[in-house]
Q: 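My questions will all concern the structure given below.
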Number of protein chains: 2
Amino acid sequence: MRMSIRSRSVVTIADVARACGVGTMTVSRVINGKKHVSPEMIQRVEEAIARLNYQPNEAARTLKGRTSRTIGLIVPSLSDPFFSQCAHAVQQVAAEQGYMTMLFACEANRNVEAEELSQMRSRNIAGILIVPSSENSLEQLQELRRNGMPVVMIDRTFAGIDVGEVMVENVEGAWRATNHLIDHGHQRILCVGYDREYNSISQRIDGFKKAMQDAGLQPQHLLVNRGVAIGPKVIAALRSPKPPTAIFALNNVTSVAVLTTLKREEIRIPQQVAIIGFDDFDLASLLAVPLTAVRQPAAELGRHATRMLIDSLRVGNGTGRMPSRIVLPTELIVRQSCGCEPISRISHPR
Amino acid sequence: MRMSIRSRSVVTIADVARACGVGTMTVSRVINGKKHVSPEMIQRVEEAIARLNYQPNEAARTLKGRTSRTIGLIVPSLSDPFFSQCAHAVQQVAAEQGYMTMLFACEANRNVEAEELSQMRSRNIAGILIVPSSENSLEQLQELRRNGMPVVMIDRTFAGIDVGEVMVENVEGAWRATNHLIDHGHQRILCVGYDREYNSISQRIDGFKKAMQDAGLQPQHLLVNRGVAIGPKVIAALRSPKPPTAIFALNNVTSVAVLTTLKREEIRIPQQVAIIGFDDFDLASLLAVPLTAVRQPAAELGRHATRMLIDSLRVGNGTGRMPSRIVLPTELIVRQSCGCEPISRISHPR
DNA sequence: CGTCACTGTGATATCGTTCTCAGAACTGCT
DNA sequence: AGCAGTTCTGAGAACGATATCACAGTGACG
């Protein structure tokens, strides 16, 4: 009754030790590259490890107190290319540094986000990267911080929590985009978007306002709650007495929603209304009217955040220190939806 | 010297037991919903768990032999919306079933894929979902299978390995797309794509061939290796003596590459060349010429695969049984790049 | 030659959980 | 009463790795 059908092939450190005729500690020291092992012993052990195809059991290592060498990443969604690019970069950098990534898409569901955070605690996650979706999980994050868990927020922040932050220059980006429209002679510009509760979005709104006010123009806003169809409201605004002649869309999904509606209503861009979006995407240049957009360096965001997190794991294994802040620049990618000539006409084709 | 600066707040099962004045086994039984615990005891323990904010340590559970309740997902890339949608669905279904997802994008790098698989072994992953990128890791997968690890392949398979499979009807999809072009009167159709070594792609090629042969037409192919720019080759073909009048693109990235090139060269779609792509994407309808494409149910693929995997975890905890196979249907989304009228003209707007 | 510092090695305890087994208390049945 | 079969409970041994401590050996230095 002792032998199972298949021995499950679990080679343990003890097996390796036995094969070498040494103690487990010697093997452990070799695995972890610690001092106080003679060269020939290292070789002997390494041979045995290779021969037996031994791999350390991470669960045991984690249990014994070592960091789990796994970082958690929470994003609102993977369908949005901004987040998926970001996630990809995170995963890549983490892997380079010997960390695994545990990925969650919370789909902006508050309870899910909370559940995911609690799962992470359960699993001795080494650190957390999060594009936070709601203030509801702030308390939980605080609690994790207090226990020394490093946390880095990406793209958005909430006040009053000492976490690392990696953001983009939202104010500048929005300011530049708005100015570009103003330079085209637009005076009535509508700022459209969701989720004004996120500071990234509200920063963009600030940038828009500033540009308008600097030009002595009256900013107009159309901000709706998530789940509300924004298209009809845009159409309504366009049919009002003094309609906007340009639209500034505050993010990816807003741009797409607006473009879809404009197309359905056969409203011509940029003749009837110009549009600039915040957050560029791959296919923007292949659209019916190539979209002028503020490019956010999504992958860079992920890379920086991951490095920041892993750095703080390295140094701050004690109390988990050093919340810091990185702000990355954006770039205005001029295509045609703003009213500019096709790029191929004014510069070299590409 | 005993007290650390912060006690790290690790509430263990023993703390809960002590708080209730019972043994740890009783608490364990309550946590796992096992029999032989009195109702009032269950309540007492549950209260203490809530009060102390206790959460079981997954590392310890995993070590003790329980499944790690984590599944691994390997996809070639997250930038491709097909995979990111799929990944999202996986993550969602897994979460519903109480499993976490460990996500990897191997970026079609053979060594990375191998490394990831070995990491998974190390971490007592309960099961593996993979969109395989190369035959190189087949052996490793076999090895894992032999040790009772459930494996489900998504979208592609390789012969000679007994894993679960979730695929789409590639042959039918390609056949239908090709026929649609033939119905438009096209006789010289070029089938373009990468990665012919994947069976999903080769099945699409088969479907294309079959449709052409059924119609008594000569199939033409343009198949290049990954990393090769396909655009120039397409242009060359279009400038040949008897140029194709339609293109069938074998996947997402091919469609986009071809569209980009056609746009740059100012070749009109569908007048100069019609195009249908395999694998639809969100923005296809907003493109300069809305792309007719074969829609693959990416999310469904992920969902089914995850369910299959988790089912096999549930039943086959012994030897890891039941490789099975699911094939999902595709759908031809007719837009305008094939030469059809705009949808809004021939049916209700949407 | 004794003390010290350092290298190389292994026995043992420990991490937090669950499994095994054993016992206590209670039933029901001869 | 005696015995078997429940239900409820807990002590102790795992799981596989690492930290700690102990000990032997080797020079170095006074």
Side-chain angles (χ1 to χ4, degrees), chain A residues 1-2 4 7-45 48-49 52-70 121-126 317, chain B residues 1-2 4 7-45 48-49 52-70 121-126 317:
Chain A
M1 230 23 210
R2 224 3 164 343
S4 62
S7 59
R8 256 302 196 173
S9 175
V10 268
V11 183
T12 74
I13 201 171
D15 298 325
V16 178
R18 210 170 307 126
C20 298
V22 300
T24 60
M25 263 323 288
T26 302
V27 179
S28 175
R29 274 187 271 255
V30 172
I31 295 167
N32 296 291
K34 298 244 169 119
K35 304 274 300 181
H36 305 304
V37 191
S38 67
E40 60 268 27
M41 181 62 89
I42 292 179
Q43 177 157 13
R44 189 140 61 100
V45 170
I49 287 177
L52 298 178
N53 191 19
Y54 163 77
Q55 273 197 290
N57 179 324
E58 280 300 324
R61 292 176 132 183
T62 302
L63 176 57
K64 183 58 196 171
R66 192 182 238 267
T67 155
S68 72
R69 299 225 129 218
T70 300
R121 180 152 82 93
S122 219
R123 283 169 199 256
N124 298 78
I125 286 282
N317 51 4
Chain B
M1 229 21 207
R2 222 7 164 341
S4 62
S7 59
R8 256 300 197 172
S9 173
V10 269
V11 183
T12 74
I13 202 171
D15 298 325
V16 178
R18 210 170 306 126
C20 297
V22 300
T24 59
M25 262 322 288
T26 302
V27 179
S28 174
R29 275 187 270 255
V30 171
I31 294 167
N32 296 292
K34 298 243 171 124
K35 303 276 298 181
H36 306 302
V37 190
S38 67
E40 59 268 27
M41 182 62 88
I42 292 180
Q43 177 157 14
R44 189 140 62 100
V45 170
I49 287 177
L52 298 178
N53 191 18
Y54 163 76
Q55 274 196 290
N57 179 324
E58 280 299 325
R61 290 178 133 184
T62 302
L63 176 57
K64 184 56 195 176
R66 192 182 238 269
T67 154
S68 71
R69 299 224 129 220
T70 300
R121 180 152 84 93
S122 219
R123 282 166 200 258
N124 299 77
I125 287 283
N317 50 4

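So you know, we letter chains A, B, ... as the sequences are listed, proteins then strands, and number each from 1. Reckoned from all heavy atoms, side chains included, excluding hydrogens, waters and symmetry mates.
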Q: Taking N or O atoms only and anything under 3.5 Å, show me the protein contacts with nucleotides 20-24 of chain C, one pair per line.
A:
none

Q: Got a sec, which pairs hit salt bridge (charged side-chain N to carboxylate O under 4.0 Å, His left out) with one end in residues 16-31 of chain B, sequence neighbours left out?
A: B:Asp15-B:Arg18
Q: Could you grab the distance from atom CZ of B:Arg44 to atom SG of B:Cys20, nearest 0.5 Å is fine?
A: 6.0 Å
Q: Measure the distance from CG on B:Asn124 to P on C:dG16 and round it to the nearest whole Å.
A: 18 Å
Q: Could you list where the contact with chain B starts and ends along DNA chain D, reading 5' to 3', using a 4.0 Å heavy-atom cut-off?
A: D:dT7 to D:dG16
Q: Please answer whether the main-chain N or O of A:Asn124 pairs with a side-chain N or O of A:Ser68 as donor and acceptor at a distance below 3.5 Å.
A: yes
Q: Report yes if some heavy atom in the side chain of A:Val45 is under 4.5 Å from a heavy atom in the side chain of A:Val37; otherwise report no.
A: no
Q: Check whether any side-chain N or O of B:Ser28 sits under 4.0 Å from OP1 or OP2 of C:dT17, and answer yes or no.
A: no
Q: Looking only at heavy atoms, what is the nearest atom pair of A:Leu63 and B:Ala60, with distance?
A: CD1-CB, 3.8 Å
Q: Start with the C-alpha distance between B:Glu40 and B:Gln43, add both sets of side-chain angles, then the distance that settles side chain to side chain contact (heavy atoms under 4.5 Å, CB included), and finish with yes or no.
A: CA-CA 5 Å; B:Glu40 59 268 27; B:Gln43 177 157 14; 5.6 Å; no
Q: Which atom pair, heavy atoms only, marks the closest approach of B:Tyr54 to B:Val11?
A: CD1-O, 3.2 Å
Q: Are B:Thr12 and B:Thr24 packed together at the side-chain level, in the sense that at least one heavy-atom pair is separated by less than 4.5 angstrom?
A: no
Q: Mind listing the closest non-hydrogen atom pair of A:Ile49 and A:Ile31 along with its distance?
A: CD1-CG1, 4.0 Å
Q: From the options A:Thr26, A:Asn32, A:Val30, select the one residue that forms a side-chain contact (heavy atoms from CB on, under 4.5 Å) with A:Ser28.
A: A:Asn32
Q: To the nearest 0.5 Å, tell me how far B:His36 NE2 sits from B:Met25 CE.
A: 11.0 Å
Q: Under the criterion side chain to side chain contact (heavy atoms under 4.5 Å, CB included), I'd like the reasoning laid out for B:Arg123 against B:Thr70: C-alpha separation, chi angles, the key distance, then a yes or no.
A: CA-CA 9 Å; B:Arg123 282 166 200 258; B:Thr70 300; over 6 Å; no
Q: Of A:Ala14 and B:Gly23, whose closest DNA chain D nucleotide lies nearer the 5' terminus?
A: B:Gly23
Q: Closest nucleotide of DNA chain D for A:Thr12 versus for B:Val22: which of these residues is on the 5' side?
A: B:Val22
Q: Run the side chain to side chain contact (heavy atoms under 4.5 Å, CB included) test on B:Asn57 and A:Thr62 for me, step by step, so that the C-alpha distance in whole Å, both residues' side-chain angles and the decisive distance to 0.1 Å come before the verdict.
A: CA-CA 10 Å; B:Asn57 179 324; A:Thr62 302; 5.7 Å; no
Q: How large an angle, rounded to 10°, do the end axes of the helix from C:dC1-D:dG30 to C:dT30-D:dA1 enclose when each is built from five base pairs?
A: 60°
Q: Contacts to DNA chain D from residues 53-65 of chain B, heavy-atom cutoff under 4.0 Å, which residues?
A: B:Leu63, B:Lys64
Q: Would you name the heavy atoms of A:Ala126 and A:Arg69 that are closest together and state the gap between them?
A: CB-N, 4.3 Å
Q: Short of 4.0 Å, heavy atom to strand atom, which residues of residues 32-42 of chain B count as contacting DNA chain C?
A: B:Asn32, B:Lys34
